[in-house]
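Remarks on the structure that follows.
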Amino acid sequence: MKILLTGFKSKESITNASDIVVSSFTHDLPESLKSISNNIVIAIINDDTQSVKQSLEEIIIKNKPSYCLFIGQAPGYNRVTLESIATNYRFIAPPLKTGAPPQGDFIEETGDAAYMATLGNLQEMVECIKNKGIPASVSHHCGNSLCNQILYHGLHYAQMNEPGMKCGFLHIPALPEQILTQWPQHPFMPLAMTRMAIEIVVNYIYLQHS
């Protein structure tokens, strides 16, 4: 059984919390996960709505994961949130300087209107996280941008090609260093706490389904 963890790549001087947190697992795997290190696949995907589908499918085809935990940042959140649903809609607002209108369209023209996350009992996972003193909740709206898109692509791919593959998404708050440089008024969560939340979810998946 393989568990895929993904984050989104930072852009130049703009840090993406999911990049920092997920990448940290490649060189500093938590002690409780070291015994299953061969079962964990880590990938950082470009923060690009046009290429995310191809990038994800290439990773899935190469690694054949049984479980996919996609991770993305949510500036403004004060807790980690497990997403329960992905909708077949994306709404990408281009930089204002382009003068172009926001682009809303279907993620998959022939796909279902929405897919429910299949990672497992999300509320039970949340309680495991909260029991360690980490704020957490289940969310029922993943947004309409890249975070929702990658979860939808994963669930759609599973339905079309790998019915046994399970997918879920974890939104994480900003990191302290991002508050200093990017979002001074937003809440944040320390790296160690965010890492522990991911560690708990991965252990839950492995212990419940191995």
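Computed from heavy atoms alone, side chains included, the values below leave out hydrogens, waters and symmetry copies.
Annotation: side-chain hydrogen bond (donor to acceptor under 3.5 Å, both in side chains) contacts involving residues 167-190, sequence neighbours excluded, comprise Gln73-Gln178, Glu83-His171.
Side-chain contact, Asn203 with Ser32: a donor N or O sits under 3.5 Å from an acceptor N or O.
Asp112 contributes no side-chain N or O that, together with a main-chain N or O of Ala114, makes up a donor-acceptor pair within less than 3.5 Å. Between the side chain of Asn131 and the main chain of Glu127, a donor-acceptor pair closer than 3.5 Å is present.
Looking at every heavy atom in both residues, Cys147 comes nearest to Gly72 through SG-CA, 4.1 Å. Nearest approach of Gly111 to Asn88, heavy atoms of both residues: O-ND2, 3.4 Å. Considering all non-hydrogen atoms of both residues, Ala136 and Ile129 come closest at CB-CG2, 3.7 Å. What you find for Pro173 and Met189 is that their closest heavy atoms are CG-CB, 3.8 Å. Contact between Asn148 and Ala86 at its shortest, heavy atoms only, is OD1-CA, 3.2 Å. For Ala174 against Pro187, the heavy-atom pair with the smallest separation is CB-O, 4.0 Å.
Rounded to the nearest 0.5 Å, atoms OG (Ser24) and CD1 (Ile198) are 7.0 Å apart. Rounding to the nearest 0.5 Å gives a distance of 14.0 Å between NZ of Lys166 and CD1 of Ile3.
With side-chain heavy atoms closer than 4.5 Å counting as contact, directly or through intermediates, the hydrophobic cluster containing Ile85 also holds Met116. The hydrophobic cluster containing Ile45 also includes Leu4, Phe8, Val41, Val52, Leu56, Ile59, Ile60, Ile61, Phe70, Ile107, Tyr115, Leu146, Ile150, Leu151, Tyr152, Leu155, Tyr157, Met165, Phe169, under a criterion of side-chain heavy atoms closer than 4.5 Å among ILVMFWY residues, counted directly or through chains of members.
A 4.5 Å side-chain heavy-atom check between Ile71 and Val21 finds every atom pair outside the cut-off. The closest side-chain heavy-atom distance from Tyr206 to Ile40 is not below 4.5 Å. Proximity of Val22 to Thr6: side-chain heavy atoms (C-beta onward) are nowhere separated by under 4.5 Å.
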Pair Ser145, Arg90 - check side chain to side chain donor-acceptor pair (under 3.5 Å), show working. CA-CA 5 Å; Ser145 57; Arg90 62 178 174 178; over 6 Å; no

Ser10 vs Asp19, side chain to side chain donor-acceptor pair (under 3.5 Å): CA-CA, chis, key distance, verdict: CA-CA 6 Å; Ser10 299; Asp19 184 350; 3.2 Å; yes

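Shown here is Gln54, whose CD atom has no more than 12 heavy atoms of other residues, nucleotides or ligands within 6.0 Å. When the shell of 6.0 Å around CE of Met196 is examined, it contains 12 or fewer heavy atoms from other residues, nucleotides or ligands.
Salt-bridge annotation for Asp48 and Lys9: absent, with no side-chain N of the basic residue lying under 4.0 Å from a carboxylate O of the acidic one. Ion pairing of Lys64 with Glu162 is absent here, as no side-chain N (NZ or NE/NH1/NH2) approaches a carboxylate O to less than 4.0 Å.
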